[in-house]
Amino acid sequence: MASGGDELKLLGMWASPFALRARLALSFKGLRHEYIQEDLSNKSDLLLSSNPVHKKVPVLIHNGKPVCESQIIVQYVDEVYRDTGLSFLPADPYERARARFWAAFIDDKLLASWVQAGRGKTMEEKMELLKPTFAAVETLEAAFRECSKGKPFFGGDNVGYLDVMLGGLVAWVHASEARHGLKIFGASRSPLLNAWVDRFSKLDETKAVLPDIQRLVEYAKMREAQAAATN
C-alpha cells in the first residue's frame, strides 16, 4: 500500500490503453488509490488544471502534485515506490535505457500504425494499413526473445516496465480478435508474444484492471460510427 499520509488519485478513462498502463502499474505495485473516471467529451476542471498542456488522461495526482503521460507515470510510480511490490525498471542503467527504447518503439511504431489502420473504411483497407503494424510486431517479437532470455515476461521471471507498457494494449488485442477475428499477435507471426498475451491476461493484477472485452467491442463500434458520421 502507499506509505502513510500518501494520497494517490488517478484520472483515467476505462477504455484508454494509456490509462490502463497507469492502472496496471498501480495494481502490480499494490497501491491503494482513488480512481476517477473522466468523461472526455466533458473534461473535468481537475483534469484541465492537472494537465493543462495536453488535457488528456491519464494523470496521477500524488499528494496534490500531477504527473502526466503514461510512460512517465509508470516510471514515477516505480521510483517513488521502489520498495513496494514489483520493481519495473531494471537496476542496470543500460538495461533501463534499453527498456525505455522499446517502450518508445511500442508507442511510435506499433501503436501508431495500429491506430492508423483502424481508420481504414473497409476491412481490405484496414489490412493494407496493418502491414507496418505486423512488421513492428515481428521486431517486437525479437526484442521479447532478447529481453526475456527465455523467461515468461519482458522483465524476466516477473512483470517489468515493458510488460506494463504493452499490457495496456492487451484488452484491445482481445477486442480486435473478438470483433474482426484479427490476431495482432498470432501464433505463426509472433508465437512468443502470442503466448505472452495469454500469460499476462491471466494474472490477477491484470484481471483486476482490464475492461470487459465485449464492452470494448461495443465502444469501438460506437466510435467508428461517430467517425463515419463526422466524415
Side-chain angles (χ1 to χ4, degrees), residues 1-38 46-47 49-51 54 56-107 111 143-144 147-171 196-211:
M1 296 298 176
S3 58
D6 270 10
E7 181 188 55
L8 288 171
K9 295 180 181 180
L10 180 66
L11 312 184
M13 187 272 177
W14 69 273
S16 164
F18 304 104
L20 287 170
R21 286 172 173 173
R23 295 191 70 189
L24 284 167
L26 293 169
S27 182
F28 281 108
K29 283 286 186 180
L31 294 170
R32 182 184 291 122
H33 62 283
E34 179 185 357
Y35 177 68
I36 301 173
Q37 174 72 19
E38 282 287 337
L46 180 59
L47 174 58
S49 62
S50 300
N51 189 0
H54 297 301
K56 293 180 179 179
V57 295
V59 179
L60 180 72
I61 304 175
H62 181 204
N63 293 335
K65 297 177 180 178
V67 182
C68 307
E69 300 293 303
S70 63
Q71 291 193 26
I72 295 169
I73 289 171
V74 176
Q75 292 178 42
Y76 178 83
V77 166
D78 197 39
E79 290 171 2
V80 172
Y81 300 102
R82 194 67 179 174
D83 298 325
T84 302
L86 298 177
S87 291
F88 300 137
L89 283 159
D92 179 74
Y94 175 76
E95 294 299 327
R96 277 204 307 275
R98 190 167 67 154
R100 287 173 174 140
F101 171 87
W102 286 115
F105 178 88
I106 289 169
D107 280 1
L111 181 55
F144 180 82
C147 293
S148 66
K149 300 179 176 62
K151 294 182 177 178
F153 301 104
F154 280 98
D157 289 318
N158 298 309
V159 164
Y161 179 61
L162 288 175
D163 298 286
V164 175
M165 289 297 102
L166 193 58
L169 310 185
V170 160
W196 173 89
V197 167
D198 184 61
R199 191 180 304 121
F200 187 82
S201 300
K202 291 177 179 176
L203 296 172
D204 289 341
E205 295 88 346
T206 303
K207 289 191 287 187
V209 167
L210 294 191

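On a predicted model such as this, the values are computed, not experimentally measured, just so you know. Only this structure's heavy atoms are used, side chains among them; waters, hydrogens and symmetry mates stay out.
Expressed to the nearest 0.5 Å, how far CD of Glu205 lies from CG of Leu210 amounts to 11.5 Å. For the atom pair CZ (Phe28) and CG (Leu203), the distance works out to 5.0 Å, reported to the nearest 0.5 Å. How far CD1 of Ile73 is from CG of Leu10: 6.5 Å, rounded to the nearest 0.5 Å. Between the CD atom of Gln75 and the CZ atom of Arg96 there is a distance of 9.5 Å, given to the nearest 0.5 Å. Atom OG of Ser16 and atom CD of Glu38 lie 11.5 Å apart (nearest 0.5 Å). Taken from CG in Leu8 to CG in Asn63, the straight-line distance is 7.0 Å, to the nearest 0.5 Å.
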Candidate pair Ile36 and Ile61, rule side chain to side chain contact (heavy atoms under 4.5 Å, CB included), full reasoning: CA-CA 11 Å; Ile36 301 173; Ile61 304 175; over 6 Å; no
Would you sort out whether Met13 and Gln37 count as a side chain to side chain contact (heavy atoms under 4.5 Å, CB included), showing the intermediate values? CA-CA 5 Å; Met13 187 272 177; Gln37 174 72 19; 3.9 Å; yes
Check step by step if side chain to side chain contact (heavy atoms under 4.5 Å, CB included) holds for Arg100 and Gln71. CA-CA 9 Å; Arg100 287 173 174 140; Gln71 291 193 26; 5.9 Å; no
Derivation of the side chain to side chain contact (heavy atoms under 4.5 Å, CB included) call for Val59 and Leu46: CA-CA 10 Å; Val59 179; Leu46 180 59; over 6 Å; no
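Put simply, the side chain of Leu11 does not reach to within 4.5 Å of the side chain of Pro66, judged on heavy atoms. Side-chain contact between Val209 and Tyr35 is absent, with no heavy-atom pair separated by less than 4.5 Å. In this structure the side chain of Val170 never reaches within 4.5 angstrom of the side chain of Leu20, judged on heavy atoms.
The aromatic rings of His62 and Tyr81 sit tilted, their planes meeting at an angle between 30° and 60°. Ring geometry for Phe154 against Phe144 counts as perpendicular: the plane angle is over 60°, on a 0 to 90° scale with 30° as the lower cut.
Listed by chain and residue number, Asp78 satisfy the side-chain hydrogen bond (donor to acceptor under 3.5 Å, both in side chains) test with Arg82 (two or more places apart in sequence, or in another chain). In terms of the salt bridge (charged side-chain N to carboxylate O under 4.0 Å, His left out) criterion, Lys65 has no residue partners (sequence neighbours excluded). Taking Trp196 as the reference, Asp163 meet the side-chain hydrogen bond (donor to acceptor under 3.5 Å, both in side chains) condition, with sequence neighbours excluded.
Remark: side-chain polar atoms of Thr84 are not paired, donor with acceptor, to backbone N or O of Lys29 under 3.5 angstrom. Arg21 contributes a side-chain N or O that, together with a main-chain N or O of Met165, makes up a donor-acceptor pair within less than 3.5 Å.
Looking at Asp198, Thr206, Asp204 one by one, the single match for side chain to side chain donor-acceptor pair (under 3.5 Å) with Lys202 turns out to be Asp198.
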